[in-house]
Amino acid sequence: MILTNEKIGSTLVASIAGQVNSANASGLESQLLALVDNGEHQWVLDLGRLEYISSAGLRVMLMLAKRIRENQGQLVLCGMHPHVREVFDISGFLE
């Protein structure tokens with residue numbers, strides 16, 4: 001799993017590549033929440049290079065969304081492959 005990010009105006013554009021699973025979800029959560037804690041509240045999360053996400057990874061996404069919402073921010077997901085989007089749809093995350 002690789003996390004990259006860049007700031008475009010007031011928006012943080014973050015990209016996750018590879019797989020998010022139980023082995024690396026905790027580390028990803030720490031990285032993402034640290035960015036929120038450092039003042040990043042407007043997000044675009046590009047999942048175009050995400051190949052797989054487990055339930056542990058979905059939990060990270062829920063925690064990120066919750067923390068951003070608590071700070072009156074916004075999270076936009078983009079670029080999901082159909083098999084990744086299906087996981088988000090089944091979980092109810094996108095409702």
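Below, each value reflects all heavy atoms present in this structure, side chains not excepted, and no hydrogens, waters or symmetry copies. Starting from 1, each residue takes its place in the sequence as its number. As the structure is a computational prediction, the values presented were derived from the model and not from experiment.
Partners of Ala14 according to the side-chain contact (heavy atoms from CB on, under 4.5 Å) rule, which considers only residues two or more places apart in sequence or in another chain, are Leu3, Asn5, Trp43, Leu45. The side-chain contact (heavy atoms from CB on, under 4.5 Å) search around Thr11 returns Val13, Gln42, Val44, not counting sequence neighbours. Shown here are the side-chain contact (heavy atoms from CB on, under 4.5 Å) partners of Asn21, two or more places apart in sequence or in another chain: Gln19, Ala23, Asn24, Tyr52, Ser54. Residues forming a side-chain contact (heavy atoms from CB on, under 4.5 Å) with Glu86 (at least two apart in sequence, or on another chain): Ile90. Partners of Phe93 according to the ring pair (Phe, Tyr, Trp, His ring centres under 6.0 Å) rule, which considers only residues two or more places apart in sequence or in another chain, are Phe88.
Hydrophobic cluster membership differs between Ile16 and Met63, with clusters built from Ile, Leu, Val, Met, Phe, Trp and Tyr side chains linked at under 4.5 angstrom. Under a hydrophobic clustering in which Ile, Leu, Val, Met, Phe, Trp and Tyr are joined whenever their side-chain heavy atoms come within less than 4.5 Å, directly or via other members, Val84 and Val87 fall into the same cluster. Under a hydrophobic-cluster definition in which Ile, Leu, Val, Met, Phe, Trp and Tyr are linked whenever side-chain heavy atoms come within less than 4.5 Å, directly or via other members, Leu35 and Ile68 are assigned to the same cluster.
Under the salt bridge (Lys or Arg N to Asp or Glu O under 4.0 Å) criterion, no residue pair touches residues 42-57, with sequence neighbours excluded. Among pairs with a residue in residues 65-85, those fulfilling side chain to side chain donor-acceptor pair (under 3.5 Å) read Asp37-Arg67, at least two apart in sequence or across chains. The salt bridge (Lys or Arg N to Asp or Glu O under 4.0 Å) pairs that include a residue from residues 12-34 are Glu29-Arg59, where partners are two or more places apart or lie in different chains. Among residues at least two apart or in separate chains, there is no salt bridge (Lys or Arg N to Asp or Glu O under 4.0 Å) pair with a member in residues 12-25. Pairs engaging residues 1-22 under the salt bridge (Lys or Arg N to Asp or Glu O under 4.0 Å) rule: Lys7-Glu40 [sequence neighbours left out].
Heavy atoms only, all atoms of each residue included: Met1 and Val20 are closest at CG-CG2, 3.9 Å. Heavy atoms only, all atoms of each residue included: Ala25 and Gly57 are closest at CB-N, 4.3 Å.
Here the CG-CG distance, from Leu64 to Leu33, works out to 6.5 Å after rounding to the nearest 0.5 Å. Remark: Ser55 OG to Leu62 CG distance equals 10.5 Å, nearest 0.5 Å.
Within a 6.0 Å radius of CD1 in Ile2, no more than 12 heavy atoms belonging to other residues, nucleotides or ligands are found.
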